[in-house]
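Both backbone and side-chain heavy atoms feed into the values below; hydrogens, waters and symmetry mates do not. Being a predicted model, the structure only gives us computed values, none of them experimental. Each chain gets a letter, A, B and so on, in the order the sequences are listed, and its residues count up from 1.
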Amino acid sequence: DGGITQSPKYLFRKEGQNVTLSCEQNLNHDAMYWYRQDPGQGLRLIYYSQIVNDFQKGDIAEGYSVSREKKESFPLTVTSAQKNPTAFYLCASNVGAGSTDTQYFGPGTRLTVL
Amino acid sequence: AQSVAQPEDQVNVAEGNPLTVKCTYSVSGNPYLFWYVQYPNRGLQFLLKYITGDNLVKGSYGFEAEFNKSQTSFHLKKPSALVSDSALYFCAVRGPTGGGNKLTFGTGTQLKVEL
């Protein structure tokens with residue numbers, strides 16, 4: 001899991017509530033990513049950021065929002081508009097935008113909507 | 001668009017036997033290929049990657065992978081499986097260009113190594 005931390009490890013939310021997942025890295029990486037993992041579906045990209053103060057939607061951005069105010073931090077907010085938010089959320093980073101760069105992952109946050 | 005297929009949801013192997021986890025890909029241009037492993041309720045750990053050069057890539061924990069351009073495959077292998085290798089394995093691909101340095105992942109293969 002390297003120098004990427006995610007908190008909390010487990011998160012419970014009531015329907016209709018927004019919740020923010022934390023992701024911090026001390027690897028001095030420029031690019032950061034958020035994925036959602038559901039059983040049997042692999043990893044799906046939610047949002048990514050290649051540089052501070054800039055981010056782009058991934059494949060399943062609806063119902064999520066992000067910010068990138070600092071290089072080391074890329075928080076993800078799961079809003080009440082996300083219809084099925086229960087999942088395992090993974091944050092990742094790589095050093096830059098090169099195609100050969102290895103992507104490293106945090107330990108994940110498991111979100112359960114009650 | 002780039003894509004990855006892992007045709008087997010689960011692979012069962014006896015400890016000490018060789019193992020293979022299959023992966024095929026589709027991408028425009030030269031592919032950059034990655035293998036990751038995931039243990040329960042953990043993040044993904046990087047095993048190895050193919051960028052260019054030798055088609056046989058060696059990685060962590062005794063794993064290796066063979067790149068085959070004509071078959072568009074990148075199968076993960078290990079000569080002698082251990083019970084501790086039991087985990088979920090993901091293959092991923094990235095093309096030489098494309099926004100955001102995005103990786104595309106397969107759906108994963110559950111490896112079970114039994115005594």
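- L111(A) is connected to W34(A) through a chain of hydrophobic side-chain contacts under 4.5 Å among Ile, Leu, Val, Met, Phe, Trp and Tyr, so both are in one cluster.
- Identified under the disulfide (SG to SG under 2.5 Å) test for residues 41-70 of chain A, with sequence neighbours left out: none.
- Within a 6.0 Å sphere centred on CD of E62(A), other residues, nucleotides and ligands contribute 12 heavy atoms or fewer.
- Among residues 8-24 of chain A, the residues having any heavy atom closer than 4.5 Å to a heavy atom of chain B are, in sequence order, K9(A), Y10(A).
- With a 6.0 Å radius and a threshold of 12 heavy atoms from other residues, nucleotides or ligands, Y61(B) has its OH atom at or below the threshold.
- Inspection of non-hydrogen atoms places G40(A), Q41(A), G42(A), L43(A), L45(A) of residues 39-47 of chain A under 4.5 Å from chain B.
- Within a 6.0 Å sphere centred on CD1 of I51(A), other residues, nucleotides and ligands contribute 12 heavy atoms or fewer.
- Counting all heavy atoms, side chain and backbone alike, N41(B) lies closest to R110(A) at OD1-NH2, 3.0 Å.
- If you measure heavy-atom distances from Q6(A) to chain B, you find no contacts under 4.5 Å at all.
- Criterion: ILVMFWY side-chain heavy atoms under 4.5 Å apart, direct or through other members. Under it, V4(B) and W35(B) are part of a common hydrophobic cluster.
- For Q38(B) against F88(A), the heavy-atom pair with the smallest separation is NE2-CE2, 3.6 Å.
- Put simply, CZ on F105(B) and OH on Y35(A) are 4.5 Å apart, with the number rounded to the nearest 0.5 Å.
- Linking Ile, Leu, Val, Met, Phe, Trp and Tyr whenever their side-chain heavy atoms come within less than 4.5 Å leaves F90(B) and L76(B) in two separate clusters.
- Clustering ILVMFWY residues whenever any of their side-chain heavy atoms sit less than 4.5 angstrom apart, transitively, puts Y89(A) in a cluster other than the one holding I4(A).
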Taking only distance into account, with no hydrogens and no angle test, what donor-acceptor pairs under 3.5 Å do side-chain atoms of residues 47-55 of chain B form with protein atoms, sequence neighbours excluded?
residue	atom	partner	partner atom	Å
K49(B)	NZ	T100(A)	O	2.7
K49(B)	NZ	T102(A)	OG1	3.0
D54(B)	OD1	L56(B)	N	3.2

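- For the residue pair K102(B) and Y48(A), the shortest heavy atom distance occurs at CD-CE2, 3.8 Å.
- Within the 4.5 angstrom heavy-atom criterion, only side-chain atoms of L88(B), from C-beta onward, approach chain A.
- Within a 6.0 Å sphere centred on NZ of K22(B), heavy atoms belonging to other residues, nucleotides or ligands number 12 at most.
- Note on F74(B): it clusters hydrophobically with L111(B), by side-chain heavy-atom contacts below 4.5 Å among ILVMFWY residues.
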